[in-house]
Each structure stands twice: as structure tokens, then as C-alpha cells.
Amino acid sequence: MGIKGLTKLLADNAPKAMKEQKFESYFGRKIAIDASMSIYQFLIVVGRSGTEMLTNEAGEVTSHLQGMFTRTIRLLEAGIKPVYVFDGQPPDLKKQELAKRYSKRADATEDLQQAMEAGNKEDIEKFSKRTVKVTKQHNEDCKRLLRLMGVPVIEAPSEAEAQCAALCKSRKVYAVASEDMDSLTFGAPRFLRHLMDPSSRKVPVMEFEVSKVLEELNLTMDQFIDLCILSGCDYCDSIRGIGGQTALKLIRQHGSIEHILQNINKERYSIPDDWPYQEARRLFQEPLVCTDDEQLEMKWSAPDDEGLITFLVNENGFNSDRVTKAIEKIKAAKNKSSQGRLESFFKPVGNTSMPIKRKAYWLP
DNA sequence: ACTCTAACAGCAGACGGG
DNA sequence: GCCCGTCC
DNA sequence: ACTTGCTGTTAGAG
């Protein structure tokens with residue numbers, strides 16, 4: 001997932017488009033988060049030693065619940081209003097990429113088998129992480145948890161990242177938080193990295209504005225998308241020998257992939273057969289997203305005490321005291337932030353004289 | 001020398017007690 | 001502060 | 001029906 005080398009490319013070529021921010025500065029902000037990505041990380045790291053993970057009495061994994069629960073509380077305590085966006089159907093173009101990942105996972109499963117037979121602890125640790133897969137059940141578990149916590153959940157028709165970007169474009173959220181740079185390629189006006197890191201590591205939150213990225217690179221959004229495709233994305237191969245630097249040079253020189261293909265030395269660079277860069281471009285320009293206001297309604301409500309205890313304590317073996325205290329934390333955070341910043345920053349956007357077009361990436 | 005790419009290794013949560 | 005075990 | 005990605009580092013091609 002993501003765009004190869006885009007972080008470094010922007011750090012080198014558009015440093016002013018990114019600025020360090022304090023975690024605290026997002027008090028009262030609505031932030032969209034790709035849920036599946038988070039769940040994946042929790043499954044890899046929370047409570048894992050070797051192939052062991054946190055489980056309930058039935059032996060079902062609960063690491064994702066533990067991770068989602070504590071992280072979400074941390075966000076709420078910071079006064080952040082998170083909305084979690086879940087993946088829907090991946091686009092067809094992504095399927096070859098997914099197939100690649102699947103075969104890697106199969107390889108890792110074999111490696112794990114061998115490591116277990118050989119009793120090699122380090123290898124068991126390493127390979128078992130690579131076999132992790134987010135299932136439908138994990139997603140449903142987390143949706144249930146979040147709803148019980150009073151945190152809104154959105155189910156994207158396709159890519160969660162694209163839906164997050166759309167929420168931000170339509171001003172329903174302040175920013176998208178992700179570790180995945182293709183949020184920018186999907187045109188998220190404001191994009192945060194390392195929002196979750198600052199506690200464990202000492203990495204500052206890094207904030208990107210897509211309008212500044214375009215300004216500094218001196219590219220249109222469509223050209224930026226072409227740059228990302230050339231750099232390497234999930235939807236199609238890139239051209240061997242062309243990375244971020246060269247791609248940027250070529251886009252600046254020729255303006256689009258079409259014109260690059262007309263001018264490039266094809267002895268030197270081999271273009272992939274049947275290269276679907278146009279379809280990839282379209283997925284970034286006009287991804288399948290939900291725009292129906294009713295389905296996108298977001299409410300941050302009080303936690304359901306009883307529901308949480310039933311789900312976490314009774315069904316999943318969480319410590320009763322811990323859960324009770326955590327519920328109190330949620331309530332306290334809610335009281336503190338309910339009075340927070342709001343109207344003055346979320347001014348009405350109803351400017352009907354300006355048509356809402358795909359290319360409007362401005363921010364107030 | 002310099003630039004860039006590919007290939008590979010190592011890392012990923014949150015919390016609290018000592 | 002850090003280190004390290006625990007969370008389920 | 002299918003899921004790692006990122007940020008170093010280093011070696012080597014052009």
C-alpha cells in the first residue's frame with residue numbers, strides 16, 4: 001500500500017508542504033482514520049510472542065480489540081473526535097497486487113512451519129507476523145466495539161483511504177490520519193502522519209497540505225497523480241529505472257504520462273505491456289466513494305456501559321476493573337471536550353457561487 | 001564524483017510498576 | 001526518566 | 001478470493 005518513496009520525495013522537494021504539529025493541537029478536531037490498517041498493526045504487535053496472541057476463553061484473538069480500545073481512548077482523551085473508515089470491495093486493478101501479497105503470506109506460512117519444526121524462536125517470531133491477515137470477523141469485532149464506545153464508523157464502498165480523503169474534501173472531517181501516503185494521492189486536503197506515535201516513540205505529528213504540495217512542486221493535481229503512478233502505486237507496475245526523482249523531472253518536463261511515453265527513450269526504458277496507467281489514474285481521480293450525507297452521518301455519543309462490559313468482559317475476558325475505569329475515562333474525556341473548539345473553526349461552507357469541482361483543493 | 005534505483009534488514013501498541 | 005512484563 | 005509498509009542502509013548501474 002502506498003506510493004513508493006513519496007515521503008522522501010516530498011521532504012526533498014516540497015519541505016514547506018509539511019510541518020510538525022503537536023498532538024495536542026488537534027483538540028476538538030474530527031479526524032478520519034483507516035480502520036483496517038490499524039487493525040492489521042494491532043494483530044501484528046499487540047500481545048504477541050511467537051504465535052501466541054491475546055485471546056478470549058474460546059481461543060479467539062482479541063489483540064485487535066485491546067489495541068483499538070486503548071488507542072481510541074487515547075484519542076478521545078486528547079479531545080480528538082475519531083471516525084473510523086472500513087474498507088469495502090477492492091478495485092479490480094488492485095487484485096494482482098493482492099495476489100502478490102497472498103503468495104508472500106503463503107510463503108511465510110511455510111517458513112513458519114519449518115521454523116516451528118526446527119524450534120527457531122527468532123524465525124517463528126518473524127514469520128508468524130508475516131502470516132497475519134485481517135479477517136471479516138476482526139473488522140466486525142472492531143465496528144461493534146467502536147459503536148459501543150460511541151465512536152462513529154463508516155463503511156466505504158471500496159478503498160477506505162479514498163473515503164477518508166472524500167470526507168476531508170467535503171469538510172466533514174478536519175484531516176485524515178494515516179501512515180499511508182496515498183491519502184495525498186486521493187487528494188486528502190489535510191493529511192497527518194504519526195498521529196498515534198508520539199506516546200511510544202518521540203516522533204512529532206507531521207501535517208501535509210495537498211494544496212501546498214502542489215504549489216511547491218508546481219504541479220496540478222492530475223500531474224501529481226501521474227507522479228505517484230510513476231513512482232510506484234498499488235494499481236500498476238512502474239517503469240524499471242524510474243523512481244521518484246526521475247518521475248518528477250519527467251513530469252515537469254513533459255506534463256503527463258502520455259507525453260512522457262511519446263518522448264522517452266524506449267531502448268533505455270522498457271514500458272510494461274498493456275500498462276493500465278490510465279485506469280490507475282482514474283482510480284485516484286474519481287475513486288468509488290460514498291457521498292450520501294445520511295450514510296456519512298457522524299455522531300460521537302456516550303459509551304454504552306452495559307454493552308461494553310458484556311462484550312469485553314463477558315465475551316472476551318477483559319479485566320472488569322480495567323474496563324470500568326476505561327469507561328470512566330471515555331466519559332471524562334467527553335465532558336472535557338464537548339465544550340471544545342467547534343463552530344468558529346467549522347464555518348459554513350455553503351458558498352454556492354463556487355461550483356464544487358474535483359479540482360478544488362483549497363482550505364480556509 | 002554524483003544520482004538514483006534495487007535489494008535487504010529491522011521495525012511496528014499502550015500501559016504501568018519497579 | 002528507562003526497562004520490561006502484561007494486557008486477554 | 002486474494003493483504004504489510006516504511007525507513008533506513010548499502011551496493012551497483014548509469
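From a predicted model like this one, the values you see are computed outputs, not experimental measurements. In what follows, chains are A, B, ... by sequence order, proteins preceding strands, each numbered from 1.
For the salt bridge (charged side-chain N to carboxylate O under 4.0 Å, His left out) test, no residue two or more places apart in sequence or in another chain qualifies with E306(A). Judged as a ring-ring contact (aromatic ring centres under 6.0 Å, His included), and not counting sequence neighbours, F318(A) has no contacts.
Listed candidates were dA14(B), dT7(D), dT3(D). Nearest to the side chain of R71(A) is dA14(B). Nearest to the side-chain atoms of V45(A) among the listed nucleotides dT4(D), dG13(B), dC8(C) stands dG13(B). Here dT3(D) is the nucleotide among dC4(B), dT3(D), dC8(C) with the atom lying nearest to any side-chain atom of K133(A). Proximity note for D180(A) (side chain, C-beta onward) versus dC6(D), dA14(B), dC7(C): the nearest is dC6(D). For R193(A), counting side-chain heavy atoms from C-beta on, the closest listed nucleotide (dC8(C), dC4(B), dT7(D)) is dT7(D).
The list of side-chain hydrogen bond (donor to acceptor under 3.5 Å, both in side chains) pairs with a residue in residues 244-256 of chain A, not counting sequence neighbours, reads S256(A)-H259(A). Here ring-ring contact (aromatic ring centres under 6.0 Å, His included) pairs that include residues 135-163 of chain A, with residues two or more places apart or in two chains, are H64(A)-H138(A). Within the structure, the side-chain hydrogen bond (donor to acceptor under 3.5 Å, both in side chains) test picks out the following pairs touching residues 318-333 of chain A (sequence neighbours left out): D305(A)-K331(A). The stretch residues 51-65 of chain A participates, sequence neighbours left out, in no salt bridge (charged side-chain N to carboxylate O under 4.0 Å, His left out) pair at all.
Separating the P atom of dC7(C) from that of dC8(B) is a span of 40 Å, rounded to the nearest Å. Rounded to whole Å, the separation between the C1' atoms of dA1(B) and dG12(D) comes to 15 Å. Across dG10(B) and dG5(C), the matching C1' atoms stand 22 Å from one another, rounded to whole Å. To the nearest whole angstrom, the two P atoms, one in dA9(B) and one in dC8(C), are 36 Å apart.
Two residues are said to be in side-chain contact when any heavy atoms from C-beta on lie closer than 4.5 Å; L10(A) and M181(A) meet this criterion. Residues V134(A) and I39(A) form a side-chain contact, since some pair of their non-hydrogen atoms from C-beta on lies under 4.5 Å apart.
For the pair M53(A) CE and dT6(C) P, the interatomic distance rounds to 18 Å; values are reported in whole Å. When rounded to the nearest whole Å, the span between NE2 of H138(A) and P of dC8(C) equals 17 Å. A straight line from CG of D141(A) to C1' of dC8(C) spans 13 Å, rounded to a whole angstrom. Separating the CG atom of D34(A) from the P atom of dT3(D) is a distance of 16 Å, rounded to the nearest angstrom. Rounding to whole angstrom units, CG of residue L75(A) and P of dC15(B) are separated by 10 Å. Atom CZ in F42(A) sits about 15 Å away from atom C1' in dT4(D), given to the nearest Å. In this structure, NZ of K4(A) is placed 13 Å from P of dT7(D), rounded to the nearest angstrom. Taking atom CZ on R48(A) and atom P on dT6(C), their separation rounds to 18 Å, with Å as the unit.
Without hydrogens or angle criteria, T62(A) side chain to N316(A) main chain gives no donor-acceptor distance under 3.5 Å.
Shown for residues 312-331 of chain A: residues whose heavy atoms fall under 4.0 angstrom of DNA chain C, namely N316(A), G317(A), F318(A), N319(A), R322(A).
Relative ring orientation between F186(A) and Y235(A) is described as perpendicular, the plane-to-plane angle rising above 60° on a 0-90° scale split at 30° and 60°.
Each of G244(A) and E77(A) was assigned the nucleotide of DNA chain B with the nearest heavy atom; the assignment lying further toward the 5' end belongs to G244(A). Residue whose closest nucleotide on DNA chain B sits further toward the 5' end, between K8(A) and L54(A): K8(A).
Residue contacts for Q66(A): at a heavy-atom cut-off of 4.0 Å it reaches a base atom on one of the strands shown. I242(A) comes within 4.0 angstrom of the backbone, heavy atoms only, and of no base. Counting non-hydrogen atoms under 4.0 angstrom, T55(A) reaches a base of the nucleic acid. Contacts of S63(A) with the nucleic acid, taken as non-hydrogen atoms under 4.0 Å apart, are absent.
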Return all side-chain donor-acceptor pairs below 3.5 angstrom for residues 147-156 of chain A, not counting sequence neighbours, or 'none' if the list is empty.
from    : atom 1 : to      : atom 2 : distance (Å)
R147(A) : NH2    : E155(A) : OE2    : 3.4
E155(A) : OE1    : K143(A) : NZ     : 3.2

Listed pairs, N/O of protein and of nucleotides 11-14 of chain D, under 3.5 Å:
none

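Taking side-chain N and O atoms only, T7(A) has a distance below 4.0 Å to OP1 or OP2 of dT7(D).
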